[in-house]
Amino acid sequence: MSFFVSPECAALGLRAGAVAFRSLAVGKAPPELRAEIARAVEEARSAFADVGAVGAAPEVVAFRELLQRVGVNPKRARPSVERLLAGALKRGDLPAINGLVDAYNLVSMRSRCSLGAHDLDLIELPVALRLLTGNESFAPLGRTAPEPVKAGEYGYVDARGRVLCRLDVLQAEFSKVTEKTTKALLIVEGTASHGEGAVRRALAEAVEVVTRYCGGTAEVVAWP
């Protein structure tokens with residue numbers, strides 16, 4: 001199995017699935033994708049009166065409670081969904097990174113699930129969502145030097161003990177998706193509070209949106 005969720009993380013209330021993309025063409029996001037993002041941002045701004053309302057959304061509350069359960073202050077390490085929605089309200093747009101990242105950020109904003117992708121050529125399978133021991137290696141985006149991780153937190157770890165994403169908050173530098181990426185593992189994470197089928201629907205939407213804008217093929221390797 002290329003991806004799995006440990007029983008301990010499932011018991012916490014985490015739900016996650018993954019899809020492997022191959023033969024991708026990851027370039028600058030096309031105008032059609034940016035226009036779709038702009039429409040989704042306007043929908044979010046209609047749904048939330050302000051940033052405070054984002055924090056009160058049931059999906060955001062569920063992610064915050066998960067962080068608290070593993071000893072993390074959600075005010076210092078805000079869930080990715082909360083940061084994405086709050087940023088959309090403040091700026092009126094989402095950051096332009098590349099076609100793949102922009103595509104999964106669109107799905108994340110719509111579904112209120114946490115999404116992240118990793119270059120399959122740079123990681124070693126299987127990837128596990130599990131509790132960290134504190135001995136794993138982790139260098140977050142923008143850094144090359146590793147930093148300590150806390151035992152008892154949850155994270156995505158490859159077969160070499162490298163953290164691909166700490167919690168659903170910080171992704172790793174070494175496995176990030178760039179315009180050189182042709183194969184990627186995309187992970188879709190939700191919680192037990194997201195509602196039946198919500199994570200599955202987000203996974204299916206991610207397959208459709210990514211292949212529409214980045215081409216390639218998709219294989220769901222783990223359903224939530």
Side-chain angles (χ1 to χ4, degrees), residues 1-20 55 57-86 101 104-105 108 112-177 184-194 198-199 202-203 221-224:
M1 184 179 290
S2 302
F3 174 83
F4 65 94
V5 178
S6 74
E8 294 82 6
C9 284
L12 275 175
L14 287 161
R15 303 289 182 266
V19 55
E59 298 89 350
V60 173
V61 170
F63 277 121
R64 284 184 169 190
E65 289 175 347
L66 276 170
L67 293 175
Q68 290 174 326
R69 290 182 68 181
V70 295
V72 176
N73 185 341
K75 292 183 179 179
R76 295 182 179 178
R78 289 196 300 165
S80 63
V81 173
E82 181 180 4
R83 286 185 283 115
L84 193 69
L85 287 167
V101 175
Y104 75 65
N105 277 342
S108 179
R112 301 176 195 173
C113 291
S114 176
L115 277 73
H118 306 276
D119 193 313
L120 269 171
D121 286 325
L122 302 176
I123 64 177
E124 188 169 330
L125 300 175
V127 169
L129 171 54
R130 63 170 174 80
L131 298 182
L132 303 179
T133 65
N135 296 320
E136 296 85 0
S137 170
F138 177 59
L141 279 173
R143 302 180 189 175
T144 54
E147 63 179 40
V149 293
K150 184 179 177 182
E153 293 183 350
Y154 57 87
Y156 294 88
V157 186
D158 80 348
R160 291 176 56 184
R162 297 174 296 181
V163 177
L164 308 184
C165 187
R166 173 181 165 259
L167 308 163
D168 65 302
V169 176
L170 286 174
Q171 293 204 43
E173 172 68 23
F174 88 95
S175 63
K176 71 181 180 182
V177 168
L185 183 72
L186 176 66
I187 300 168
V188 180
E189 177 193 289
T191 73
S193 300
H194 269 71
V199 183
L203 192 62
V221 296
W223 287 99

> Rounded to the nearest 0.5 Å, how far apart are CG of Leu141 and CG of Leu170?
Replying inline: 7.5 Å
> Can you find a heavy atom in the side chain of Cys9 that is under 4.5 Å from one in the side chain of Leu131?
Replying inline: yes
>> To check you understand the geometry: which heavy-atom pair defines the closest contact between Ala202 and Val188, and what is its length?
In response: CB-CG1, 3.8 Å
>> How long is the straight-line distance from CZ of Arg112 back to CG of Leu84, given to the nearest 0.5 Å?
In response: 11.5 Å
> Mind checking whether Asp158 and Phe174 have side chains closer than 4.5 Å, heavy atoms only?
Replying inline: yes
>> What I'd like to find out is whether the side chain of Leu66 reaches to under 4.5 Å of the side chain of Tyr154, using heavy atoms alone.
In response: yes
>> Parallel, tilted or perpendicular, judged at 30° and 60°: which one describes the rings of Phe63 and His194?
In response: perpendicular
> At their closest point, which heavy atom of Ala77 faces which heavy atom of Val72, and how far apart are they?
Replying inline: CB-CG1, 3.8 Å
> SG/Cys165 to CZ/Phe138 distance, rounded to the nearest 0.5 angstrom?
Replying inline: 7.0 Å
>> Quick one, Arg166 and Pro140 - any side-chain contact, counting heavy atoms below 4.5 Å?
In response: no
> Among Val199, Val81, Leu14, Val169, whose side chain to side chain contact (heavy atoms under 4.5 Å, CB included) with Ser114 holds?
Replying inline: Val81
> So do Val101 and Lys176 actually touch side chain to side chain, heavy atoms under 4.5 Å?
Replying inline: no
> NZ of Lys150 to CG of Leu132: how many Å apart, nearest 0.5 Å?
Replying inline: 11.5 Å
> Would you say the side-chain atoms of Ser80 pair up with the backbone N or O of Asp168, donor to acceptor, closer than 3.5 Å?
Replying inline: yes
> How close do Leu120 and Ala20 get, heavy atom to heavy atom, and via which atoms?
Replying inline: CD1-CB, 4.1 Å
> To the nearest 0.5 Å, how far apart are CZ in Arg15 and SG in Cys113?
Replying inline: 12.0 Å
> Hey, are the side chains of Ile187 and His118 touching, using non-hydrogen atoms and a 4.5 Å cut-off?
Replying inline: yes
> Which atom pair, heavy atoms only, marks the closest approach of Thr191 to Ala62?
Replying inline: OG1-CB, 3.4 Å
>> Within the 4.5 Å heavy-atom criterion, are Val221 and Leu185 side-chain neighbours or not?
In response: yes
> Which atom pair, heavy atoms only, marks the closest approach of Ala172 to Val163?
Replying inline: CB-O, 3.2 Å
> Say you draw a straight line from CZ of Arg78 to CG of Leu167; how long is it, rounded to the nearest 0.5 Å?
Replying inline: 15.0 Å
> Of all heavy-atom pairs between Ala16 and Tyr156, which one has the smallest distance, and what is that distance?
Replying inline: CB-OH, 3.9 Å
> Can you tell me if CZ on Arg83 sees more than 12 non-hydrogen neighbours from other groups inside 6.0 Å?
Replying inline: yes
>> For Glu136, run the side chain to side chain donor-acceptor pair (under 3.5 Å) check against Arg160, Arg130, Arg162 and tell me which one passes.
In response: Arg130
> Would a 4.5 Å heavy-atom cut-off, applied to side chains only, mark Arg69 and Leu12 as touching?
Replying inline: yes
